[in-house]
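Small disclaimer: the values here were computed from a predicted structure and weren't measured. Start at 1 with the first residue, then count along the sequence.
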Amino acid sequence: MPDTATSTDPPLCVSRCKGLEEFSHLVVTWHFSQASPEDVLVVTWHFSQASPEDVALHARSPRGDSRWEPSGTFVHRNHRRPNQLATSFPRLLKVDSLDLHVSDLDAVDGTPIYDLAPFFAEMGPRGEVREPGWPGQMLKDYWAEAAG
C-alpha cells in the first residue's frame with residue numbers, strides 16, 4: 001500500500017523515526033569511508049595487480065602487536081575487511097526530526113551510514129559472553145577520551 005499523509009501527519013520521512021526515542025541504543029551499520037580497497041593489501045601497487053598472497057586477509061597480530069597471537073581477518077574490527085563495513089552500538093541521546101544525537105559511535109564525522117535499527121536486548125548475545133584477553137587489553141582506554 002502506498003504511503004499517504006494528511007495535513008496533520010508529520011512528513012513521511014520524519015514519521016519513519018517515530019518511536020525511536022524510546023530506545024537507549026541503536027545498531028548502526030557504516031562504511032570505513034576514509035579507507036580504500038588498497039588498505040586490505042600488504043603492498044602498495046594497484047589493487048587489480050595484487051596476487052592472493054598480497055591481500056591482508058590473513059592472520060596477523062592485533063594492531064601489529066606481537067604480544068598478541070595472530071588472529072584472522074574476521075576476528076579484527078578494523079577497515080582491513082573485504083567489504084569495509086562496520087557495526088556499532090551507540091547510545092541514542094535524542095531524536096530531533098531526522099537528526100539522531102548519539103554517543104559512543106566509533107566512526108568519524110561524515111561517515112556514510114548504511115542502516116540503523118533500535119537495539120533489542122532480546123536480540124543481543126545470549127548466555128555468557130567470552131573473549132580472549134587481548135581485546136580488553138587493547139581497548140581498555142578506548143572510550144576514555146569520550147568520557148572526559
Side-chain angles (χ1 to χ4, degrees), residues 1 3 11-148:
M1 174 174 256
D3 285 331
L12 290 176
C13 59
V14 173
S15 69
R16 292 189 175 127
C17 289
K18 182 173 174 48
L20 198 57
E21 70 281 352
E22 296 182 46
F23 292 87
S24 66
H25 289 79
L26 300 173
V27 179
V28 177
T29 303
W30 52 275
H31 180 243
F32 282 104
S33 60
Q34 293 186 2
S36 70
E38 288 80 14
D39 286 336
V40 297
L41 298 179
V42 174
V43 294
T44 57
W45 63 74
H46 192 269
F47 187 72
S48 64
Q49 298 173 343
S51 65
E53 329 43 85
D54 297 324
V55 179
L57 302 179
H58 55 78
R60 61 188 182 282
S61 295
R63 294 194 177 163
D65 191 324
S66 61
R67 291 177 300 160
W68 301 316
E69 287 292 317
S71 50
T73 298
F74 294 111
V75 177
H76 296 260
R77 293 182 51 106
N78 63 34
H79 66 284
R80 291 182 183 93
R81 313 178 63 70
N83 62 18
Q84 295 181 318
L85 293 177
T87 303
S88 297
F89 304 90
R91 183 179 309 277
L92 179 61
L93 304 174
K94 177 180 163 187
V95 177
D96 181 17
S97 186
L98 289 178
D99 292 329
L100 304 181
H101 300 256
V102 301
S103 67
D104 305 335
L105 176 61
D106 53 340
V108 298
D109 191 30
T111 295
I113 303 294
Y114 287 142
D115 195 20
L116 65 89
F119 177 81
F120 295 171
E122 293 77 11
M123 297 190 76
R126 294 178 54 187
E128 180 184 352
V129 174
R130 70 181 194 298
E131 63 182 42
W134 65 264
Q137 294 167 14
M138 181 176 74
L139 300 171
K140 68 181 168 101
D141 296 321
Y142 192 74
W143 297 112
E145 186 178 317

Exercise. Nearest 0.5 Å, what's the CG-CG distance between Leu26 and Leu116?
Worked result: 6.0 Å
For this session: In sequence, state the C-alpha distance, the side-chain angles, and the governing distance for His101 and Asp96, and then conclude on side-chain contact (heavy atoms from CB on, under 4.5 Å).
Result: CA-CA 8 Å; His101 300 256; Asp96 181 17; 4.0 Å; yes
Exercise. Are side-chain heavy atoms of Asp115 and Val28 found at a separation under 4.5 Å?
Worked result: no
Problem set entry | Non-hydrogen side-chain atoms of Pro62 and Ser71 separated by less than 4.5 Å | yes
Exercise. Any side-chain heavy atom of Leu20 sitting closer than 4.5 Å to one from Pro118?
Worked result: yes
For this session: Look up atom CZ in Phe89 and atom OG in Ser24, then write down how far apart they are to the nearest 0.5 Å.
Result: 12.5 Å
Exercise. Do Asp106 and Trp30 come close enough that some side-chain heavy atom pair is under 4.5 Å?
Worked result: yes
Problem set entry | Side chain to side chain, Val108 and Gln34, heavy atoms closer than 4.5 Å | yes
For this session: Measure the CG-NE2 distance between Asn83 and His31 for me, rounded to the nearest 0.5 Å.
Result: 8.0 Å
For this session: Please determine if Arg63 and Asp65 form a salt bridge, counting it only when a charged side-chain N lies under 4.0 Å from a carboxylate O.
Result: no
For this session: Could you verify whether a donor N or O on one side chain and an acceptor N or O on the other, from Trp68 and Gln137, lie under 3.5 Å apart?
Result: yes
Problem set entry | Test item: Leu85 and Phe32 side chains (from C-beta on) under 4.5 Å apart, heavy atoms | no
For this session: Indicate yes or no for a side-chain donor-acceptor contact from Thr29 to the backbone of Thr87 under 3.5 Å, with no hydrogens or angles considered.
Result: no
Exercise. Is it the case that more than 12 heavy atoms not belonging to Glu131 sit under 6.0 Å from its CD atom?
Worked result: yes
Seminar exercise, completed: Shortest non-hydrogen pair, Ala35 vs Gln84, comes out as CB-NE2, 3.6 Å
Exercise. Do the rings of Phe119 and His25 sit parallel, tilted or perpendicular, given the 30° and 60° boundaries?
Worked result: perpendicular
Problem set entry | Contact summary for Ser33 and Thr111, nearest pair of heavy atoms | OG-CA, 4.0 Å
